[in-house]
Amino acid sequence: MAGKAQKDQRPGWAPPVLRGDRLEAGLRTLELDVRRRLDGLLQGNHLGLVPGPGSEPGEARPYQPGDDVRRMDWAVTARTTTPHIRETVADRELETWVVADMSASLDFGTALCEKRDLVVCATAAVAHLTGGGGNRIGALVSNGQGVNRIPARGGLAHARGLIRRLAETPRAPEGVRGDLADALEQLRRPPRRRGLGVVISDFLGPIDWQRPLRALGGHHELIAIEVLDPRDVDLPDVGTVVLADPETGKQREVHASALLRKEFGAAAHAHRQDVAAGLRRAGAAHLVLRTDSDWIADMVRFVVARKRRWSGGVA
């Protein structure tokens, strides 16, 4: 009875369990959830997620805060004395690359799922939002021990296989640090045609990924999906607790006093601010998904806000 009550209390938007003997059912549930809640939002057109580099000039419209200044139409701006940008007709084929951080710090979750489950879910949503029309998707999956490259191909069968391989990525042994910067460097080489890069990580640890991310942003449209758990940003009042760093194996017993919780929260907030600033400098759109929040609803709001901004509306 207790197990049934716990199951009944689980909200419908919670990510499915994607491990062990529940992997197969979880992947089917994930695909159905993504299709049911995202279908119709973009009507099969990747313009809802990324405007595309374009090959043909489109209409000019007044500049809106947040627009890419590289698309300024200086001729129209000079003629009207009002800043304008030039829209472009997006390429019909989009190549998307996902950099998925599956290092040990993602093998953690105190809410409805682990952070690595949200990495899989976010990748499934990106694959759905960019699929069809000859579009291709590939991935670089890093768990700290190495980077697994999944070539970019099109089709539903390939997308399903990519998501499965991501879900089946082995957990890194204790003491193995992730290396997001290395995965980003590998995405830069060899150079590819302009497309969409999606980086999914909790962005914990040193912010040494800024340089390769900025280099990618100079050639590709970028989206950064930050995956967080409540305990990444807030230490609860639980008395004495053992804190562990999953990427080094180090442990420390501490008393969660009011002062310690305040200092922990301040340090976590400062790090999140540094991450957001680094992503802005790279030109990446920033989406935050949490293990205690409706991740599909958060993604829908993100996509709708981008569509409004491109159309000249207020996000």
For this session: For Val300 and Leu38, run side chain to side chain contact (heavy atoms under 4.5 Å, CB included): C-alpha distance rounded to whole Å, both residues' side-chain angles, the deciding distance at 0.1 Å, then the answer.
Result: CA-CA 7 Å; Val300 167; Leu38 292 182; 3.6 Å; yes

For this session: Begin with the C-alpha distance, continue with both residues' side-chain angles, and end with the deciding distance and a verdict on side chain to side chain contact (heavy atoms under 4.5 Å, CB included) for Val275 and Glu226.
Result: CA-CA 9 Å; Val275 168; Glu226 184 180 10; 4.2 Å; yes

For this session: List the steps, then state whether side chain to side chain contact (heavy atoms under 4.5 Å, CB included) holds for Thr130 with Leu196.
Result: CA-CA 9 Å; Thr130 60; Leu196 172 64; 4.0 Å; yes

For this session: Please step through side chain to side chain contact (heavy atoms under 4.5 Å, CB included) for the pair Leu129 and Met299, ending with a clear verdict.
Result: CA-CA 11 Å; Leu129 293 173; Met299 180 160 283; 4.2 Å; yes

Exercise. Which is it for Arg28 and Glu31 under the salt bridge (Lys or Arg N to Asp or Glu O under 4.0 Å) test, yes or no, and what are the steps along the way?
Worked result: CA-CA 5 Å; Arg28 288 195 297 270; Glu31 182 175 347; over 6 Å; no

For this session: For salt bridge (Lys or Arg N to Asp or Glu O under 4.0 Å), just list the numbers for Arg37 and Asp294, CA-CA rounded to whole Å, side-chain angles, deciding distance to a tenth of an Å, and then say yes or no.
Result: CA-CA 12 Å; Arg37 298 184 62 187; Asp294 186 339; 2.9 Å; yes

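For the pair Lys115 (side chain) and Asp107 (backbone), a donor-acceptor distance under 3.5 Å is absent. Between the side chain of His220 and the backbone N or O of Ala215, no donor-acceptor pair lies under 3.5 Å. Under the 3.5 Å distance criterion, the side-chain polar atoms of Arg116 are left unmatched by any main-chain donor or acceptor of Val119. His84 places a side-chain N or O within 3.5 Å of a backbone atom of Thr82 that can act as its donor or acceptor partner. Between the Arg71 side chain and the Ile85 main chain, no donor and acceptor come within less than 3.5 Å of each other. Between the side chain of Asp117 and the backbone N or O of Glu114, at least one donor-acceptor pair lies under 3.5 Å.
At a cut-off of 3.5 Å, with distance as the only test, a side-chain donor of Ser293 or Asp298 sits close to an acceptor on the other residue. Looking only at atom types and distance, the side chain of Asn143 has no donor-acceptor partner in the side chain of Thr169 under 3.5 Å away. Using modelled atom types and a 3.5 Å distance limit, the side chains of Thr110 and Asp229 yield a donor-acceptor pair.
At a threshold of 4.5 Å between non-hydrogen side-chain atoms, the residues Leu222 and Leu216 count as touching. Here the side chains of Leu228 and Leu289 are not in contact, with every heavy-atom distance at 4.5 Å or above. Counting heavy atoms from C-beta outward, Trp13 and Asp33 have side chains that stay 4.5 Å or more apart. The closest side-chain heavy-atom distance from Ser142 to Met102 is not below 4.5 Å. The shortest distance between side-chain heavy atoms of Val98 and Ile137 falls below 4.5 Å. Residues Ser103 and Arg177 have side chains not in contact (no heavy-atom distance under 4.5 Å, counting atoms from C-beta outward). With a 4.5 Å cut-off on side-chain heavy atoms, Leu140 and Trp97 count as touching. Contact check for Tyr63 versus Thr77: no side-chain heavy atoms found under the 4.5 Å cut-off.
Ion pairing between Arg165 and Glu168 fails under the 4.0 Å rule for side-chain N and carboxylate O. Ionic pairing of Arg211 and Glu185 is present here: one or more N-O contacts between side-chain nitrogen and carboxylate oxygen are shorter than 4.0 angstrom. Between Arg306 and Glu221, at least one side-chain nitrogen of the basic residue sits less than 4.0 Å from a carboxylate oxygen of the acidic one, meeting the salt-bridge criterion.
If you chain together hydrophobic residues whose side chains sit under 4.5 Å apart, Leu184 and Val147 fall into the same group. Under a hydrophobic-cluster definition in which Ile, Leu, Val, Met, Phe, Trp and Tyr are linked whenever side-chain heavy atoms come within less than 4.5 Å, directly or via other members, Leu118 and Val233 are assigned to different clusters. In the hydrophobic cluster analysis, where Ile, Leu, Val, Met, Phe, Trp and Tyr join through side-chain heavy atoms closer than 4.5 angstrom, Phe108 is grouped apart from Val141. Under the 4.5 Å side-chain contact rule for hydrophobic residues, Phe302 and Val304 share a cluster. Residues Leu166 and Leu30 fall within the same hydrophobic cluster, defined by Ile, Leu, Val, Met, Phe, Trp and Tyr side chains chained together at heavy-atom separations under 4.5 Å.
Of the inter-residue distances, the one linking Trp209 atom CH2 with Asp101 atom CG reads 11.5 Å to the nearest 0.5 angstrom. Within the model, atoms CD of Gln210 and CG of Leu180 stand 11.5 Å from one another, a figure rounded to the nearest 0.5 Å. One finds the CD1 atom of Ile200 at 3.5 Å from the OG1 atom of Thr123 (value rounded to the nearest 0.5 Å). In this structure, OG1 on Thr240 lies 6.0 Å from CD on Glu253, to the nearest 0.5 angstrom. Summarising the geometry, atom CG belonging to Leu27 is positioned 5.5 Å from atom CZ belonging to Arg164; distances are rounded to the nearest 0.5 Å. Here Leu106 contributes atom CG and Asp202 contributes atom CG; the two are 4.5 Å apart, rounded to the nearest 0.5 Å.
Annotation: Arg19, atom CZ; neighbour count of heavy atoms from other residues, nucleotides and ligands within 6.0 Å is above 12. Atom CZ of Arg272 sits in a crowded spot, with more than 12 heavy atoms from other residues, nucleotides or ligands closer than 6.0 Å. More than 12 heavy-atom neighbours from other residues, nucleotides or ligands sit within 6.0 angstrom of CZ on Arg149.
Taking every heavy atom of both residues into account, Cys121 and Pro16 meet most closely at SG-CD, 4.4 Å. Considering every non-hydrogen atom in both Asp232 and Ala268, the closest pair reads O-CB, 3.5 Å. Minimum heavy-atom separation, Trp295 to Ala125: CZ3-CB, 4.0 Å. The two atoms that bring Leu94 and Asn135 nearest to each other are N-OD1, 2.7 Å, heavy atoms only. For the pair Arg188 and Pro212, the tightest heavy-atom approach, listed with the atom from each and the gap, is CD-O, 3.8 Å. Contact detail for Ile225 and Ala122: the closest heavy-atom pair is CD1-CB, 4.1 Å.
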